[in-house]
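Below is one structure, written out as structure tokens, with a few remarks after it.
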Amino acid sequence: MKTNSNCTKRSLLLLLLLTGLTAFSQQMKMSETDLNTFLCKTWKIDFVLINGKKTPFPYLAKSRMEFKPDYTFLETPVTPKSAKGNWKYNIEKNCIELIHNGRLIATIPTLSEKELIYVPVMNEESKKTITSSEMHLIPE
């Protein structure tokens, strides 16, 4: 009987912990202050997933994404292909959208203190061979 009681206590503790983490995650997505706190910094690429598989991109090792509180972002090092634009929080889709030259180029569906997931908008040519693509970034 004692083992069953310990198991129940552990299950209850785990449930409370998970409920607290979920509430924190939802609160973070709702607050503009929290968005700025978590997002506005420089991020580097940890890994890239293409079609669900980790794919090496050595040339991205020096790439950084800098998000600023004035709702702008900049990819560095600056090259002719670097993205620069504005970010906004889309309340309905519960994600951050990145706009470059008036066009949606990516979304950020996941954001925490330790990770940002960047999902680029793929063009029709890319969609022929790539079903999904995402970059996992960590703070620099």
Side-chain angles (χ1 to χ4, degrees):
M1 283 307 247
K2 196 170 189 177
T3 306
N4 194 13
S5 176
N6 285 340
C7 195
T8 302
K9 287 179 184 177
R10 286 183 187 153
S11 297
L12 182 58
L13 183 60
L14 181 61
L15 179 63
L16 288 172
L17 179 64
L18 291 174
T19 303
L21 290 175
T22 302
F24 175 75
S25 176
Q26 289 173 347
Q27 181 182 11
M28 177 189 72
K29 292 179 182 177
M30 295 297 184
S31 165
E32 186 173 337
T33 302
D34 285 340
L35 271 175
N36 282 327
T37 300
F38 288 114
L39 180 64
C40 295
K41 59 182 91 169
T42 301
W43 298 81
K44 64 181 181 178
I45 297 172
D46 187 26
F47 61 92
V48 177
L49 291 178
I50 302 291
N51 296 335
K53 295 180 182 175
K54 278 190 179 181
T55 307
F57 285 93
Y59 65 90
L60 292 177
K62 293 182 182 178
S63 183
R64 301 290 184 266
M65 290 291 293
E66 181 182 355
F67 293 89
K68 299 180 182 180
D70 67 355
Y71 300 95
T72 61
F73 70 90
L74 173 65
E75 181 183 4
T76 59
V78 176
T79 68
K81 292 186 177 184
S82 295
K84 177 182 177 182
N86 298 89
W87 64 269
K88 70 176 186 173
Y89 178 62
N90 185 323
I91 295 170
E92 293 173 4
K93 294 182 180 178
N94 203 22
C95 70
I96 296 166
E97 296 179 334
L98 304 181
I99 312 296
H100 175 72
N101 291 333
R103 186 174 61 87
L104 178 67
I105 62 164
T107 61
I108 299 171
T110 303
L111 173 65
S112 71
E113 270 186 288
K114 298 180 181 182
E115 183 180 50
L116 172 157
I117 298 177
Y118 175 103
V119 179
V121 173
M122 293 186 289
N123 61 33
E124 292 304 315
E125 189 63 31
S126 297
K127 289 179 183 178
K128 292 177 183 176
T129 57
I130 300 173
T131 56
S132 67
S133 171
E134 59 185 49
M135 291 189 289
H136 291 246
L137 290 81
I138 57 175
E140 184 173 50

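- Taking the six-membered ring where tryptophan is involved, the planes of His136 and Phe47 are essentially parallel, since the angle between them stays under 30° and well short of 60°.
- Side-chain contact between Ile138 and Lys114: absent, with no pair of heavy atoms (C-beta onward) separated by less than 4.5 Å.
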Decide yes or no on side-chain contact (heavy atoms from CB on, under 4.5 Å) for Met65 and Leu98, but give the supporting numbers first. CA-CA 11 Å; Met65 290 291 293; Leu98 304 181; 4.3 Å; yes
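- Leu49 places a side-chain heavy atom less than 4.5 Å from the side chain of Lys54.
- The OG1 atom of Thr42 sits 9.0 Å away from the CG atom of Leu74 when rounded to the nearest 0.5 Å.
- Both Tyr59 and Trp43 are members of a single hydrophobic cluster when ILVMFWY side chains are connected at heavy-atom separations under 4.5 Å.
- Under the 3.5 Å distance criterion, the side-chain polar atoms of Asp70 are matched with a main-chain donor or acceptor of Thr72.
- No chain of hydrophobic side-chain contacts below 4.5 Å, direct or via other Ile, Leu, Val, Met, Phe, Trp or Tyr residues, connects Val119 to Ile99.
- A 4.5 Å side-chain heavy-atom check between Phe67 and Leu35 finds every atom pair outside the cut-off.
- Both Met122 and Met135 are assigned to one and the same hydrophobic cluster, defined by single-linkage of ILVMFWY side chains at heavy-atom distances under 4.5 Å.
- Residues Lys88 and Glu97 are paired through a salt bridge, judged by an N-O separation under 4.0 Å between the basic side chain and the carboxylate.
- Across all non-hydrogen atoms, the minimal contact from Pro120 to Ala106 is CA-CB, 3.8 Å.
- With Thr55 contributing its side chain and Lys53 its backbone, the two residues share a donor-acceptor pair below 3.5 Å.
- There is a path of hydrophobic side-chain contacts, each under 4.5 Å, that joins Phe38 to Ile45.
- To the nearest 0.5 Å, atoms CD1 (Ile117) and OG1 (Thr107) are separated by 10.0 Å.
- Counted within 6.0 Å of NZ on Lys41, heavy atoms from surrounding residues, nucleotides or ligands total more than 12; the atom is thus considered enclosed.
- Note: Glu75 CD to Tyr118 OH = 6.5 Å, rounded to the nearest 0.5 Å.
- The shortest heavy-atom contact between Tyr71 and Asn36 is OH-ND2, 4.5 Å.
- Of the possible polar contacts, one joining the Ser82 side chain to the Pro77 backbone as a donor-acceptor pair under 3.5 Å is found.
- Within a 6.0 Å radius of CD in Glu125, other residues, nucleotides and ligands contribute 12 heavy atoms or fewer.
- Note that NZ of Lys84 is 13.0 Å distant from CD1 of Ile105, once rounded to the nearest 0.5 Å.
- For the residue pair Leu116 and Leu39, the shortest heavy atom distance occurs at CD1-CD1, 3.6 Å.
- Taking CZ of Arg64 as the start and CG of Leu137 as the end, the distance is 9.5 Å to the nearest 0.5 Å.
- Asn51 contributes a side-chain N or O that, together with a main-chain N or O of Ser132, makes up a donor-acceptor pair within less than 3.5 Å.
- For the pair Glu113 and Pro139, the tightest heavy-atom approach, listed with the atom from each and the gap, is O-CG, 3.3 Å.
- Counting all heavy atoms, side chain and backbone alike, Trp87 lies closest to Cys40 at CZ2-SG, 4.0 Å.
- With contacts defined as side-chain heavy-atom distances shorter than 4.5 Å, the pair Ile50/Phe57 qualifies.
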